[in-house]
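Structure below; questions to follow.
Just so it is clear: chains get the letters A, B, ... in the order the sequence lines come, proteins before strands, and each one is counted from 1.
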Amino acid sequence: MAYWLFKTEPDVFSIDDLKNRPKQVEHWDGVRNYQARNFMRDEIKLGDLVLIYHSNAKPLGVAGVAEVVKEAYPDHTQFDKSSQYYDPKSTEEKPRWYMVDVKFVEKFKNFISLENLKSHKELNDLIILRKGNRLSITPVEKKHFNYIKKIGRKSV
DNA sequence: GCCAACGTTGGC
DNA sequence: GCCAACGTTGGC
């Protein structure tokens, strides 16, 4: 059982969008970075928990938690010419990109802004807080996950 | 295999 | 809108 952080731009897809999906499940398509792809394909397992992080937005930060309900399978958008995620170099026989399915678990009562995250020295080595980090999927340590969950559930 | 040029991400 | 920090591409 492992923990992860997925970035998403809430203008495109937010925690509320996930919550409002049928069965509250959605496939996490559009990842076009090899490191992130490798995490999904090789390491992200059924039942893993995911922090949903809203990037490029206001507010900016961790919005809630989701759970992995389906392990890696080919991302269909890579074969779709009309998709912005279309990849002409990928084939059905040898797909280049993968995705997982996640299910809504909870939306934090207390949205945790990036500023808030940074103010906790316990979270100093969280990957997302490293300067210049652009990876859209990153592993999160159990202690960090639990700490963040605690802040998120605290009422303000 | 190197690396310059270019494109993208994402906080500010 | 700016720009630092990356990742990718493609010529050599």
Side-chain angles (χ1 to χ4, degrees), chain A residues 2-21 26-44 48-66 68 71-102 104-141 143-145 147-152 154 156:
Chain A
Y3 303 90
W4 306 92
L5 182 145
F6 287 9
K7 284 184 198 168
T8 179
E9 301 197 13
D11 292 346
V12 180
F13 188 75
S14 72
I15 188 122
D16 291 319
D17 294 327
L18 181 60
K19 189 180 179 181
N20 293 328
R21 278 300 134 105
E26 183 61 292
H27 43 264
W28 206 262
D29 62 19
V31 172
R32 294 294 181 270
N33 169 284
Y34 287 104
Q35 244 186 302
R37 191 274 317 262
N38 292 346
F39 281 138
M40 283 201 297
R41 192 191 56 191
D42 307 332
E43 297 188 43
I44 298 182
D48 282 1
L49 292 176
V50 176
L51 295 170
I52 302 296
Y53 178 89
H54 286 176
S55 67
N56 250 321
K58 282 182 179 175
L60 183 65
V62 180
V65 179
V68 176
E71 292 181 6
Y73 60 109
D75 178 341
H76 55 85
T77 62
Q78 69 195 306
F79 308 122
D80 177 4
K81 281 193 177 133
S82 68
S83 168
Q84 60 165 316
Y85 299 122
Y86 175 66
D87 184 347
K89 292 180 185 163
S90 185
T91 63
E92 307 250 4
E93 295 74 35
K94 285 193 78 177
R96 186 182 277 195
W97 305 111
Y98 288 81
M99 61 188 179
V100 299
D101 285 358
V102 296
F104 176 82
V105 173
E106 70 175 295
K107 182 178 174 179
F108 286 145
K109 202 184 317 179
N110 182 31
F111 180 90
I112 312 169
S113 67
L114 180 60
E115 199 182 16
N116 189 356
L117 285 174
K118 283 180 179 167
S119 73
H120 295 268
K121 65 176 189 310
E122 290 86 348
L123 301 174
N124 272 351
D125 43 353
L126 196 66
I127 295 175
I128 192 83
L129 297 181
R130 286 185 200 155
K131 192 177 179 186
N133 169 64
R134 290 172 23 189
L135 200 52
S136 63
I137 291 181
T138 51
V140 173
E141 289 178 47
K143 62 176 182 187
H144 289 151
F145 181 88
Y147 189 86
I148 290 169
K149 198 169 66 177
K150 207 171 68 188
I151 307 173
K154 206 182 337 183
V156 269

**Request:** Sorted by first residue and then second, give each salt bridge (Lys or Arg N to Asp or Glu O under 4.0 Å) pair with at least one member in residues 116-130 of chain A; sequence neighbours left out.
**Result:** none
Could you pull out the protein-nucleic contacts involving nucleotides 8-12 of chain B (nitrogen or oxygen on both sides, under 3.5 Å)?
residue	atom	partner	partner atom	Å
B:dT8	O2	A:R134	NH1	3.2
B:dT8	O2	A:R134	NH2	3.4
B:dG10	OP1	A:K7	NZ	2.8
B:dG10	OP1	A:R134	O	3.1
B:dG11	OP1	A:Y53	OH	2.8
B:dG11	OP2	A:N56	N	3.1
B:dC12	OP1	A:K118	NZ	2.6

**Asked** Among all residues two or more places apart in sequence or in another chain, which pass the salt bridge (charged side-chain N to carboxylate O under 4.0 Å, His left out) test with A:E71?
**Response** none
**Item:** With A:K107 via side chain to side chain donor-acceptor pair (under 3.5 Å) - residues at least two apart
**Value:** A:D16
**Asked** Among all residues two or more places apart in sequence or in another chain, which pass the ring-ring contact (aromatic ring centres under 6.0 Å, His included) test with A:F108?
**Response** none
**Request:** For C:dA5, take OP1 and OP2 only and decide whether either is under 4.0 Å from a side-chain N or O of A:K131.
**Result:** yes
**Fill in**
Closest non-hydrogen atoms of A:I52 and A:A66, given as atom of the first, atom of the second and distance, are CD1-CB, 4.0 Å
**Prompt:** Between A:I137 (CD1) and C:dG7 (C1'), how many Å, whole number?
**Reply:** 16 Å
**Request:** State which residues pass side chain to side chain donor-acceptor pair (under 3.5 Å) with A:N133; sequence neighbours excluded, sorted by chain then number.
**Result:** none
**Complete:** For A:D29, the side chain to side chain donor-acceptor pair (under 3.5 Å) test, sequence neighbours excluded, returns none
**Prompt:** Which ones in residues 76-91 of chain A lie close to DNA chain C, meaning a heavy atom under 4.0 Å from one of its atoms?
**Reply:** none
**Asked** What pairs meet the salt bridge (Lys or Arg N to Asp or Glu O under 4.0 Å) rule with one or both residues in residues 73-90 of chain A, with sequence neighbours excluded?
**Response** A:R32-A:D75, A:D87-A:R96
